[in-house]
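Notes follow once the structure below has been shown.
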Amino acid sequence: MNQKQLQYFLEVYSTKSITKAAQNLYISPQGLSKTILSLEKELGVELFERKNNHIIPTGEAARLSIHAKNILEEYHVISEGLYKNNTTFKTISVFCSYDVPQLIPARFFYQFNESFPEIRINMKEFTDEHIMKRLQTHKVELAIVPGPFNPNLFNYELLCSEPFCVVVNKDHPLADREVISFSALNKERLVIKDVKSQTSLNQYYNLSSAKGIPNIILETSDIHLIHKMAEEGPAVGMSLLYLARKIRSDRIKILTFEEDWLVKKIYLVTSKNNVLSPEAKILRSALLDYFQNTGA
């Protein structure tokens, strides 16, 4: 794997088209396709589904895109000599579940930088399982993830509770509703977040002891794909309200749930056996203050 492969992959992922990506990269579509196939073979995963001359990013592609961007950004810092900056600063990494950084607006980071210019925030998205392992081994000081947690291992403070919702095509029979019960989805074709997530709908479903198993046709870590499935076909997409409001489409209607247990609780988490650095304590305090006093 090399820098060029990651750059080419991100361009295809962004444009959802080999032809458009090849034009932007000034290479042939055949050469680009060969590079993507080589990357898939090396990683042992399928990054794109090919259907009727269209390509659809898989969940693996969604996850890879986040890490590829981080790698290329670090490469840019090194190649441009930006690491030689004489300014003294401390970088604090915050590991987050996928889509969680979208809860925090740009103004928070601007205000934090104005108050603490010597602290640089590095937010990264990973699976919940990876994040908890890194916390336990003290490889990261702060994490923003959904519960539940082992109270003997972690300290956790509630940041917010975000409700789940349903997204459907405006021509779908359910689109004439504003509010829906979970039981109304029993016979629907459902697209949900990857069950590896601690807050997957499957787990909420099991906790609620609801009757009737929905017909789950796709699990994915890519929230945009969930919305796309609902927009283009009869499937019902399970989303989070804050994300559904950001991923706008004239062909989508958002339905809220009657059940108050259908929420995703997001926590700021630290390891009980780890002493936070002064910079991590400052960022922790700023995050808690924002969510508790300002709101997302």
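- The side-chain heavy atoms of Phe164 and Glu259, taken from C-beta on, include no pair separated by under 4.5 Å.
- Hydrophobic clustering keeps Leu243 apart from Leu241 (ILVMFWY residues linked when any side-chain heavy atoms are closer than 4.5 Å, directly or through intermediates).
- No more than 12 heavy-atom neighbours from other residues, nucleotides or ligands sit within 6.0 angstrom of CZ on Arg189.
- Counting only distance, with no hydrogens or angles, the side chain of Asn169 and the backbone of Glu231 share a donor-acceptor pair below 3.5 Å.
- Both Phe108 and Met123 sit in one connected hydrophobic cluster of ILVMFWY residues. Membership requires side-chain heavy atoms under 4.5 Å apart, directly or through other members.
- Taking CG of Leu276 as the reference point, atom OG of Ser271 lies at 9.0 Å (rounded to 0.5 Å).
- Between Ser181 and Ser183, the side chains place a donor N or O and an acceptor N or O closer than 3.5 Å (distance only, hydrogens not considered).
- Distance CG/Leu72 to NZ/Lys4: 13.5 Å, rounded to 0.5 Å.
- Salt bridge status for Glu40 with Arg50: present, with a side-chain N to carboxylate O gap under 4.0 Å.
- Residues Leu10 and Ser65 are in side-chain contact: their nearest non-hydrogen atoms beyond the backbone lie under 4.5 Å apart.
- For CZ of Arg245, the number of neighbouring non-hydrogen atoms (other residues, nucleotides, ligands) closer than 6.0 Å is 12 at most.
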When the side chains of residues 24-33 are checked against the rest of the protein, which donor-acceptor pairs come out under 3.5 Å, sequence neighbours left out?
| unit_1 | atom_1 | unit_2 | atom_2 | d |
| --- | --- | --- | --- | --- |
| Asn24 | ND2 | Glu11 | OE2 | 2.8 |
| Asn24 | ND2 | Lys20 | O | 3.4 |
| Ser28 | OG | Gly31 | N | 3.0 |
| Ser33 | OG | Pro29 | O | 3.0 |

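- Within the 4.5 Å cutoff, side-chain heavy atoms of Val140 are placed close to those of Leu135.
- For residues 246-256, the salt bridge (charged side-chain N to carboxylate O under 4.0 Å, His left out) pairs, not counting sequence neighbours, are Glu178-Lys253.
- Side-chain atoms of Met1 and Leu6, non-hydrogen and from C-beta on, do get closer than 4.5 Å to each other.
- Ser97 contributes no side-chain N or O that, together with a main-chain N or O of Val100, makes up a donor-acceptor pair within less than 3.5 Å.
- If you chain together hydrophobic residues whose side chains sit under 4.5 Å apart, Ile252 and Leu185 never meet in one group.
- Relative ring orientation between Tyr267 and Phe149 is described as perpendicular, the plane-to-plane angle rising above 60° on a 0-90° scale split at 30° and 60°.
- A 4.5 Å side-chain heavy-atom check between Asn152 and Lys272 finds every atom pair outside the cut-off.
- At least one side-chain heavy atom of Glu49 sits less than 4.5 Å from a side-chain heavy atom of Thr58.
- Distance check, rounded to the nearest 0.5 Å: CG of Leu288 to CG of Asn293 gives 9.5 Å.
- No side-chain heavy atom of Phe48 sits under 4.5 Å from any side-chain heavy atom of Lys16.
- Side-chain contact check for Glu279 versus Phe116: every heavy-atom pair is 4.5 Å or farther apart.
- Between the Glu141 side chain and the Ser277 main chain, a donor and an acceptor come within less than 3.5 Å of each other.
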